[in-house]
Amino acid sequence: MNIKHLRLFVRVAATHNISMAGEELGLSAALASSYLNKLEESLGVRLIHRTTRKVSLTAEGQSFLHHAEDVIASVDAAKAAVGVGKLSPSGTLRIAAPASFGRMHLLPELPNFMKKHPNLKIDLKLSDTIIDLVEGGFDVAIRNSELKDSSLIAKKLVQDKRIVCASAEYIKNNGVPDTPEQLLNHNCISLMNLEMWSFKGDKDPLNIKVKGNFRTDNGEAVRDACVNGLGIAVNSTWSVYRQIISGELIQVLADHPLQSEAAIWAVYPSSRQLAPKVRVFIDYFADYFQQNPYWDQQIAGHLK
């Protein structure tokens, strides 16, 4: 059994794309297909369903996957024991991240990460739409929403603290709410389908369905609309910390914190053998954000 064939099979299982998996390993699409055919012939079973749109594992392929991963891990460990083989992760790491958080906090640190792992290439997709990791062939995703897919694993990177804000201009023209209920008398900016704002109550959360004349599907647009005086908005501190420090935005309802346990997560497909390139990425940014949540450190003296 050829170890190269096994490595290709494991990457096809992760990406659901033969051409993409082959490219990662320096193989043409034709050679990658040939490797898979030879692996199936040597085993005498079909491991992969091939269609014009994507590939998926057969029942036999699913059963074989974990054994293939174990063989690869054992071979890599044996090579490492005698000082043979690559000492650092390599290949292409495909990452999906929210557009705003990715631009503001992931991209600035990626150069340092890539200097530490020079054999890695990065493909980064920035989108506020929830990406299907398996369908899109991504290795890992950064998300700021709860994990709903049980086939994925999530690791918390950092807390996502959220506050209610308004611009000085808006407050001057419209006043400031003293209680969450008074939000009903204000123009509120919201993300689409997230018009219900939940505040901590004495016993149960206090839910307020806000209304306003502006909604958007982009977090940065919510922030910028708030800065421009369109209304009151809920924002993550990682998004508005500069505007809070500069005085462009002012926290309101500080005595009525939001009922929020939100966090930034690294999400990846479940596997007994996590690819080294994914492991080093998750470990690096988990440590970076936990040790350096700079936005909350800088904003601390500006909040009530």
Side-chain angles (χ1 to χ4, degrees), residues 1-80 85-86 89-97 119-125 127 129-143 147-155 266-282:
M1 194 175 298
N2 192 310
I3 190 67
K4 292 182 180 179
H5 299 172
L6 292 180
R7 290 189 190 278
L8 175 64
F9 169 71
V10 169
R11 290 311 299 153
V12 169
T15 63
H16 288 241
N17 188 302
I18 295 174
S19 296
M20 188 183 296
E23 181 183 350
E24 287 187 16
L25 300 176
L27 306 172
S28 66
L31 187 56
S33 293
S34 174
Y35 276 13
L36 292 173
N37 288 337
K38 289 178 180 179
L39 178 60
E40 290 178 328
E41 289 171 5
S42 69
L43 294 171
V45 296
R46 181 171 293 280
L47 300 173
I48 295 172
H49 290 301
R50 298 167 174 82
T51 69
T52 55
R53 294 186 60 188
K54 67 174 185 177
V55 298
S56 60
L57 298 188
T58 63
E60 292 80 7
Q62 290 284 1
S63 298
F64 182 68
L65 175 61
H66 297 312
H67 298 290
E69 291 171 333
D70 287 343
V71 169
I72 292 170
S74 297
V75 169
D76 289 344
K79 287 183 176 181
K86 294 179 180 178
S90 61
T92 300
L93 178 63
R94 292 181 169 83
I95 307 166
N119 294 323
L120 277 179
K121 296 180 181 179
I122 302 292
D123 280 359
L124 175 63
K125 181 178 179 63
S127 173
T129 302
I130 297 296
I131 301 296
D132 187 315
L133 269 70
V134 174
E135 185 77 21
F138 291 96
D139 297 298
V140 61
I142 305 299
R143 290 184 180 171
L147 180 63
K148 296 180 180 179
D149 189 337
S150 60
S151 69
L152 302 176
I153 297 175
K155 180 177 176 63
V267 179
Y268 55 94
S270 59
S271 172
R272 293 201 301 172
Q273 297 294 337
L274 185 61
K277 62 183 179 180
V278 179
R279 184 178 300 280
V280 296
F281 173 82
I282 293 173

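Every heavy atom of this structure was used, including side-chain atoms; hydrogens, water molecules and symmetry mates were not. Position 1 is the first residue of the sequence; numbering continues from there.
- Between Leu36 and Arg50 the shortest side-chain heavy-atom distance falls below 4.5 Å.
- The structure places CD1 of Ile95 at 15.0 Å from OH of Tyr268, a figure rounded to the nearest 0.5 Å.
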Stepwise side-chain contact (heavy atoms from CB on, under 4.5 Å) test for Leu47 and Leu57: CA-CA 6 Å; Leu47 300 173; Leu57 298 188; 5.7 Å; no
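- Here Arg94 pairs with Glu24 under the side-chain hydrogen bond (donor to acceptor under 3.5 Å, both in side chains) rule; sequence neighbours left out.
- Rounded to the nearest 0.5 angstrom, Phe9 CZ and Glu40 CD are separated by 8.5 Å.
- Taking CZ of Arg46 as the start and OG1 of Thr58 as the end, the distance is 8.5 Å to the nearest 0.5 Å.
- Between Ala32 and Leu8, the shortest heavy-atom contact is O-CD2, 3.2 Å.
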Verdict with reasoning, Phe281 to Ile142, per side-chain contact (heavy atoms from CB on, under 4.5 Å): CA-CA 11 Å; Phe281 173 82; Ile142 305 299; 4.0 Å; yes
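- No more than 12 heavy-atom neighbours from other residues, nucleotides or ligands sit within 6.0 angstrom of CD on Glu23.
- Evaluation of the side-chain hydrogen bond (donor to acceptor under 3.5 Å, both in side chains) rule for Gln62 yields no partner, not counting sequence neighbours.
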Residues Ile18, Tyr35; criterion side-chain contact (heavy atoms from CB on, under 4.5 Å); working and verdict: CA-CA 10 Å; Ile18 295 174; Tyr35 276 13; over 6 Å; no
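- Between the side chain of His49 and the main chain of Val55, no donor-acceptor pair closer than 3.5 Å is present.
- The backbone N or O of Ile122 sits nowhere less than 3.5 Å from a side-chain atom of Thr92 that would complete a donor-acceptor pair.
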Check against side-chain contact (heavy atoms from CB on, under 4.5 Å), Asn2 and Leu39: CA-CA 8 Å; Asn2 192 310; Leu39 178 60; over 6 Å; no
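- Within the 4.5 Å cutoff, no side-chain heavy atoms of Leu27 are placed close to those of Arg11.
- Under the rule for a side chain to side chain contact (heavy atoms under 4.5 Å, CB included), Ser63 has no partner lying at least two apart in sequence or in another chain.
- In this structure, Asp139 and Lys277 have side chains that are in contact, with non-hydrogen atoms separated by less than 4.5 Å.
- Side-chain contact check for Phe64 versus Leu6: some heavy-atom pair is nearer than 4.5 Å.
- The closest donor-acceptor contact from the side chain of Thr15 to the backbone of Met20 lies at 3.5 Å or more, if one exists at all.
- Scanning all heavy atoms of the two residues, the minimum distance from Ala266 to Ile282 falls at CB-CG1, 4.1 Å.
- With Ser34 contributing its side chain and Ala30 its backbone, the two residues share no donor-acceptor pair below 3.5 Å.
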